[in-house]
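Before any comments, here is the structure.
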Amino acid sequence: MTDPLFDGLTQPQRDAVAHVDGPLLVLAGPGSGKTRVVTHRIAHMLRSGVYSSQIVALTFTNKAAEEMRSRVERLAPQSTVWVSTFHRFCARLLRHYSNLVGLESNYTIYDTSDSLQILKRSLQQQEVSTSHATPEKVARAISWAKNNMILPERYEANSANAISSIVRDVYPEYQRQLRAANAVDFDDMLMLVAQMLQENDELRAALDERFRYILVDEYQDTNLVQYLLVRSLSQQFPNLGVTGDPDQSIYGWRGANLSNILDFEKDFEHVNVVRLEQNFRSTPNILTVADHLIGHNKRRKKKSLFTDLPAGNPVRLLTYATSHEEAHAIALRIASQVAQGKRRPRDFAIFYRVNALSRSYEEALRQQGIPYMIVSGVEFYHRKEIKDVLAYAMLLNNPRDDVAFTRVVNTPTRGIGQATVLKLQVHALDNGISMLDAAREAGMIDSLNKRGAVAVAKFVALFDRLSLKINEPVEEILGAILSETGYRAQYEDSDDEEDQSRLENIDELLSSAREFDIQHPEDGTLEQYLEDKALVNETDEFDAELDRVTMMTLHAAKGLEFPFVFIVAVEQGLLPHDRSKDSEAQLEEERRLLFVGITRAQEELELSTASKRDFRGRRQMTVPSTFLFELPKEEMDFQAHLAPPPTASRPQWDDVHEIPEDDYSQIGESGDFSDQTPSEEVPGFTKMLMTAADMVKGPQSARPKSDPDRFHQSMAVLHPTYGLGKIIAMSGEGAKRTATVKFLTGGQDTKKFVLAYSELRPAATS
DNA sequence: CGTGTGCAAGTTTTT
DNA sequence: CTTGCACACG
């Protein structure tokens, strides 16, 4: 008989898919078809009579959630299984039960930089000496505490740790200020829900019953709070199915606790343990190398990886004289393969330990005219202009949000300086009110001079005017913000290149808002939009469809696969990283990081080092990573490229041999790319940080200037009756697309037009 | 109050 | 080499 849920699966895979009730631990090696197993299992559970409303699948990333959701949908089209990230799951519970933890349901989610502002303020307030502790370090310590479910009042200082006494003093104040602003940080979302479940057993039991079947992906990356969360929801109904791989745990530094997965069998009774050890991704050559490396870790569950795939080329280890040559050779190698039609740019990936290394590879690729993309980098929603605009929206949604207030009150500059802001802050604190409310009383604050009070009053008036829009579509709200505050104007008047790119980013933000409005015709509230933005990261939008070489950190590479992988700068200090040398545990994590990188490769893998590396503006001698000595050299291809390392004292490999240049010599004559001049006109040549909008649209249309309709935000328009005006906001889609226009003659009044029917037309401006 | 310059520091970063 | 932030000036 054939059964689409089980056909073509291996026996262990079937065992996992067939599991319905009780705890399940799937130890899934890299490339072992884990997602397939999980999705098939969900489909099988549904088929066995489990209601989809009783299932919730939790992931770490939006990307993983998206992937799982779409695959479940394909297998079980009618189902409404809730697939969500941990944070989104908690966000939703928090909205519902906000009053239980001292929040209002319109609470704000602060990202790391927002929370850092609060923390800095708290540090000042408590007058803590921060001589040896940067706010970032304190923030990490607080985050650690929250991840370990240590509430502010329960935190105890450790005398051996200087930071911990600072934390003890400032953590409660930090938390108090967050609550005062009706805001949470990322860690709060999880911690507050866990706390809620802990303190309210009735609620816990109800939710346990509601979510009878819980699935957790990447269980090796869970921290204590996440552990408590899923555990407390698996008491009466211990149908907890987790998948993960201890060898791919690379987020220990963020509080991930390897014990969660290693001790799963102790935590639950009658655990069904399934090992997925067969790899469907990589050649045996690559797999052997990965296996040897990870075998040096002590804290793990032994797995024996194997594959039926045919043998491929040996894994190569190349030593270059300089980092420059390394980059150049990699670029040539890619160019050659592409030129010969063997591979396409998208088949290649370059992984490095730190983002700062990306530059030289980038330059080399550009030189060869190879299209590439850097995943990560400066995140779209963290860019100043985006944060500024969203801060206005956040303040509209939650007027108690002091961080947003502080950010926008003088952006663009309107004569409200630091001193004035500080006075508002003090007044707010003294009276237990928000800064916005303090601003409303500006006239009554004695310390404020007249000029400051007037400026603040004008800002409040501006804010109140914007508030009237709060129930409009999001695009319109943002549009109004951009024009009413003069935010767009400040960049429009500039011919600075950077300002122009800011404008482009703002336009992308508008189109994302427009997309949101279209997708949420009913529930498209500003609150929902802001939650979306807070919980989305643009690397989630990584798009393998684009035909470009991918460059990313090893961390970002998890979960992906590429036919041809380069792992560069495998050198002491970088991999393992300098800061990871304190403990064995950290060293093992670094090793896992390399393991993750290696196991991304499907067919070809090249590890490389350079004897001299240009980094941070200086050239330094390097030492090859100790990890390289843990690889099975008899199965690999060791090649010292060009000059041998100049120092005799450094570690040597027995069988290093020089290779001739001819491997690369034919490149450049006939290459598709070599005769093209890198230029702006050819898409993909320029440095490219992917943004969400780019990813969706593809590189050619990254600039929204080819908007199908002739109208856009802030455009000058002419109307036969009202005369000359300016579009201050737009919303709607297709035939219903409308523009809000402010006319020269109309004062503050605006008029709305449905573009398809109106007599509005673009005014020629020069 | 706003802006410019000098200086120190610089993993990784699912949300 | 970058980038963020502190401080000094106009």
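Keep in mind that this is a model prediction, so the values were computed, not measured. By convention in this document, chain letters (A, B, ...) are assigned in the order of the sequence lines, proteins followed by strands, and residues within each chain are numbered from 1.
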Practice task
Please state how far atom CG in A:L587 lies from atom P in B:dT12, giving the value in whole angstrom units.
Solution key: 18 Å
Exercise for the section: Look at A:T112 and B:dT13 and indicate whether a side-chain polar atom (N or O) is within less than 4.0 Å of OP1 or OP2. Expected result: no
Practice task
Please determine if a side-chain N or O atom of A:R579 lies less than 4.0 Å away from the OP1 or OP2 oxygen of B:dT12.
Solution key: no
Problem - Integer-rounded Å distance: B:dT14 C1' and A:E67 CD - result: 15 Å
Practice task
Determine if the base of B:dT11 is syn or anti; take syn to mean the glycosidic torsion is within 90° of 0.
Solution key: syn
Exercise for the section: State whether the aromatic ring of A:W253 stacks on the base of B:dT12, taking stacking to mean ring centres under 5.5 Å apart and ring planes under 30° to each other. Expected result: yes
Exercise for the section: Among A:R591, A:Q220, A:K558, A:E590, find the residue that satisfies the side chain to side chain contact (heavy atoms under 4.5 Å, CB included) test when tested with A:I250. Expected result: A:K558
Practice task
Indicate whether A:H577 forms a stack on B:dT11; treat it as stacked only if centroid distance is below 5.5 angstrom and interplanar angle below 30 degrees.
Solution key: yes
Handout entry: Ionic contact status for A:R592 with A:D247, cut-off 4.0 Å
Key = no
Handout entry: Contact under 4.0 Å: A:R88 side-chain N or O vs B:dT14 OP1/OP2
Key = no
Practice task
Using a heavy-atom cut-off of under 4.0 Å over every strand shown, decide if A:L593 touches base, sugar-phosphate, or nothing.
Solution key: nothing
Exercise for the section: State which of B:dT14, B:dT3, B:dT13 makes the closest approach to the side chain of A:T413. Expected result: B:dT3
Practice task
Mind checking A:E136 for me? I need base, sugar-phosphate or nothing, with any heavy atom below 4.0 Å counting as a touch.
Solution key: nothing
Exercise for the section: State plainly whether the residues A:K34 and A:D217 are in salt-bridge range, i.e. N to O under 4.0 Å. Expected result: yes
Problem - Residue-phosphate contact under 4.0 Å: A:N355 side-chain N/O, B:dT13 OP1/OP2 - result: yes
Problem - Residue met sooner reading DNA chain B from 5', once A:A419 and A:T85 are mapped to nucleotides - result: A:A419
Handout entry: Under-4.0 Å side-chain N/O to phosphate OP1/OP2 contact, A:T59 with B:dT14
Key = no
Practice task
Starting from P on B:dT11, measure out to CG on A:L575 and report it in whole angstrom.
Solution key: 15 Å
Problem - Donor-acceptor contact present, side-chain A:S232 to main-chain A:L229, <3.5 Å - result: yes
Practice task
Could you tell me whether the side chains of A:E385 and A:Y487 share a donor-acceptor contact shorter than 3.5 Å?
Solution key: no
Problem - Salt bridge flag under 4.0 Å for residues A:R299 and A:E584 - result: no
Problem - Residue A:R353, side-chain atoms from C-beta onward, closest of B:dT12, B:dT13, C:dT2 - result: B:dT12
Exercise for the section: Round to the nearest Å and state the distance from A:Y110 atom OH to B:dT13 atom C1'. Expected result: 21 Å
Practice task
Would you indicate, yes or no, if B:dT15 has its OP1 or OP2 atom less than 4.0 angstrom from a side-chain nitrogen or oxygen of A:N62?
Solution key: yes
Problem - Sugar-phosphate, base or nothing in reach of A:G415, heavy atoms under 4.0 Å - result: sugar-phosphate
Problem - Shortest side-chain distance from A:T420, nucleotide among B:dT14, C:dC5, B:dC1 - result: B:dC1
Completion exercise
Atom NZ of A:K120 and atom C1' of C:dG4 are separated, to the nearest Å, by 9 Å
Practice task
Name the nucleic acid region contacted by A:N410, choosing base, sugar-phosphate or nothing; use a 4.0 angstrom heavy-atom cut-off, strictly under.
Solution key: sugar-phosphate
Exercise for the section: Could you tell me whether A:G417 contacts a base, only the sugar-phosphate backbone, or nothing, with contacts defined as non-hydrogen atoms closer than 4.0 Å? Expected result: sugar-phosphate
Exercise for the section: Just compare B:dT11, B:dT13, B:dG2 and give me whichever is closest to any side-chain atom of A:V354. Expected result: B:dT11
Fill in the blank from the handout: Judged by nearest nucleotide, the residue sitting upstream toward the 5' end of DNA chain B, A:R140 or A:R451, is A:R451
Exercise for the section: Rounded to the nearest angstrom, tell me the gap between atom CG in A:L116 and atom C1' in C:dC5. Expected result: 12 Å
Exercise for the section: Would you mind reporting whether A:Y174 and A:S115 have side-chain heavy atoms less than 4.5 Å apart? Expected result: yes
Handout entry: Value in whole Å for how far the C1' atom of B:dT15 lies from CZ of A:F89
Key = 15 Å
Exercise for the section: Name the nucleic acid region contacted by A:Y251, choosing base, sugar-phosphate or nothing; use a 4.0 angstrom heavy-atom cut-off, strictly under. Expected result: base
Problem - Separation of C:dC5 P from A:Q117 CD (nearest whole Å) - result: 8 Å
Practice task
Report yes if at least one side-chain N or O of A:K558 is closer than 4.0 Å to OP1 or OP2 of B:dT12; otherwise report no.
Solution key: no
